[in-house]
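What follows is a single structure, written as structure tokens, with notes after it.
In this text the structure is predicted, and so the values were computed from the model without any measurement.
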Amino acid sequence: VVTRGQIHRADQLPGLVAVANSEPVGLVTYIIRNGDCEIVTLDSLQAGKGIGSSLVAQVRAIAEDNHCARLWLITTNDNTDALCFYQKIGFELAAIHRGAIVESRKLKPQIPQTGNGGIPIRDEIELEIRTL
Ligand SMILES: CC(C)(COP(=O)(O)OP(=O)(O)OC[C@H]1O[C@@H](n2cnc3c(N)ncnc32)[C@H](O)[C@@H]1OP(=O)(O)O)[C@@H](O)C(=O)NCCC(=O)NCCS
């Protein structure tokens, strides 16, 4: 995953797995650095059951325990579902990094040109919750 020009190996980050009926149904990975906590990946395998929001709540608690100033993340301009979801659960828009995905493709050429709904993937949208 590339966010703000930084390559993250999600399989090497701390994370939390949501489990239902002994089956994994969700995964969040995050990184704490520079006094902030970044959600790097979030995936819920069963939409609308509270899995995504409970994983975020757990990471928020970890961020607060570690005295992070904010919990933040990057999503892309095409990911309207994520934009709805994160704002619904309390995140605010912090920045739009226009054209950032053009730069990310230089690090990760397999990032597709178009995403959800056939929207060209161009920009990073930064969302945050202040935790201090
Ligand atoms: C975004 C995602 C993590 C949401 O997970 P989820 O388990 O469906 O989320 P929850 O059930 O906890 O939803 C929490 C709230 O957000 C709302 N919500 C979720 N997706 C929404 C959407 N697309 N539009 C509007 N509201 C949405 C839910 O209705 C719920 O509201 P409620 O509390 O009033 O019922 C999931 O859709 C997903 O894995 N998407 C693909 C990967 C991705 O885009 N990850 C994020 C990018 S980093």
Side-chain angles (χ1 to χ4, degrees):
V1 180
V2 182
T3 61
R4 306 299 307 117
Q6 185 89 34
I7 298 175
H8 299 289
R9 291 281 312 267
D11 59 347
Q12 294 172 4
L13 294 177
L16 299 166
V17 176
V19 176
N21 301 320
S22 309
E23 296 290 333
V25 291
L27 171 69
V28 64
T29 64
Y30 63 92
I31 183 167
I32 293 175
R33 53 178 186 160
N34 302 329
D36 288 345
C37 180
E38 178 185 359
I39 292 175
V40 177
T41 69
L42 174 65
D43 290 282
S44 165
L45 299 182
Q46 297 175 5
K49 293 187 176 177
I51 295 165
S53 50
S54 59
L55 286 169
V56 172
Q58 295 293 323
V59 176
R60 181 177 181 167
I62 292 168
E64 289 172 353
D65 285 350
N66 285 274
H67 310 291
C68 293
R70 64 184 195 129
L71 178 62
W72 69 282
L73 61 95
I74 292 291
T75 191
T76 46
N77 62 291
D78 64 303
N79 199 344
T80 51
D81 283 338
L83 285 167
C84 289
F85 163 75
Y86 284 119
Q87 291 182 89
K88 181 89 190 284
I89 65 168
F91 282 79
E92 294 180 21
L93 296 173
I96 297 174
H97 306 287
R98 292 187 67 189
I101 304 303
V102 177
E103 294 304 308
S104 297
R105 280 199 192 89
K106 293 175 184 169
L107 300 170
K108 187 181 173 188
Q110 58 270 44
I111 296 173
Q113 293 294 328
T114 55
N116 293 357
I119 298 171
I121 307 175
R122 294 193 181 103
D123 312 311
E124 291 185 341
I125 299 181
E126 185 175 327
L127 295 111
E128 69 175 17
I129 290 178
R130 294 275 164 182
T131 44
L132 274 186

So, the side chain of Thr131 versus the backbone of Ala69: is there a donor-acceptor pair under 3.5 Å, distance only? yes
Would you indicate whether the side-chain heavy atoms of Thr114 and Asp78 approach each other to under 4.5 Å? no
Any side-chain heavy-atom pair of Ile129 and Tyr86 under 4.5 Å: no
With heavy-atom distances below 4.5 Å as the criterion, would you say the side chains of Ile101 and Arg122 are in contact? no
Quick one: CD1 on Ile39 to OG1 on Thr75, what's the gap to the nearest 0.5 Å? 11.0 Å
Pick from Ile111, Ile7, Ile121: which one makes a side chain to side chain contact (heavy atoms under 4.5 Å, CB included) with Ser104? Ile111
Can we say Arg98 and Asp123 salt-bridge, meaning some charged N sits less than 4.0 Å from an Asp/Glu carboxylate O? no
Begin with the C-alpha distance, continue with both residues' side-chain angles, and end with the deciding distance and a verdict on side chain to side chain contact (heavy atoms under 4.5 Å, CB included) for Gln6 and Arg33. CA-CA 13 Å; Gln6 185 89 34; Arg33 53 178 186 160; 3.5 Å; yes
Side chain to side chain donor-acceptor pair (under 3.5 Å) between Thr3 and Glu38, intermediate numbers included: CA-CA 10 Å; Thr3 61; Glu38 178 185 359; 2.7 Å; yes
Could you go through the side chain to side chain contact (heavy atoms under 4.5 Å, CB included) check for Gln87 and Leu127 one step at a time? CA-CA 8 Å; Gln87 291 182 89; Leu127 295 111; 4.0 Å; yes
Please round to the nearest 0.5 Å and tell me the distance separating atom NE2 of His97 and atom OG1 of Thr76. 13.0 Å
Flag the pair Leu83 / Asp81 as yes when at least one side-chain heavy-atom distance between them is below 4.5 Å, and no otherwise. no
Going only through I, L, V, M, F, W and Y residues with side-chain contacts under 4.5 Å, is there a path from Val59 to Ile32? yes
Derivation and outcome, side chain to side chain contact (heavy atoms under 4.5 Å, CB included), residues Cys37 and Asn66: CA-CA 9 Å; Cys37 180; Asn66 285 274; over 6 Å; no
For Ser44 and Ile51, the nearest pair of non-hydrogen atoms, with its separation, is OG-CB, 3.6 Å
Measuring from atom CD1 of Ile125 to atom CD1 of Ile74, what distance do you get when rounded to the nearest 0.5 angstrom? 9.0 Å
Other residues, nucleotides, ligands: >12 heavy atoms within 6.0 Å of Arg70 CZ: yes
Considering only heavy atoms from C-beta outward, does the side chain of Leu42 approach that of Tyr30 to under 4.5 Å? no
Verify same cluster id: Leu55, Val19 (apolar side-chain graph, 4.5 Å): no
Identified side chain to side chain contact (heavy atoms under 4.5 Å, CB included) counterpart of Leu16 within the set Val56, Val28, Thr29, Leu27: Val28
For Leu45, does the CG atom sit with more than 12 other heavy atoms under 6.0 Å from it, leaving out its own atoms? yes
Would you check if Glu126 and Trp72 make a side-chain contact, meaning some heavy-atom pair closer than 4.5 Å? yes
Could you walk me through whether Ile89 and Phe85 pass the side chain to side chain contact (heavy atoms under 4.5 Å, CB included) test, one step at a time? CA-CA 6 Å; Ile89 65 168; Phe85 163 75; 3.6 Å; yes
Which distance, rounded to the nearest 0.5 Å, do you find between the CG of Asp36 and the CD of Glu128? 8.5 Å
Taking Leu13 as the starting point, is it possible to reach Val1 by hopping between hydrophobic residues whose side chains are less than 4.5 Å apart? yes
Between the side chains of Arg105 and Glu103, is the shortest nitrogen-to-carboxylate-oxygen separation below 4.0 Å, so that they form an ion pair? no
Over 12 foreign heavy atoms within 6.0 Å of CD, Glu92: no
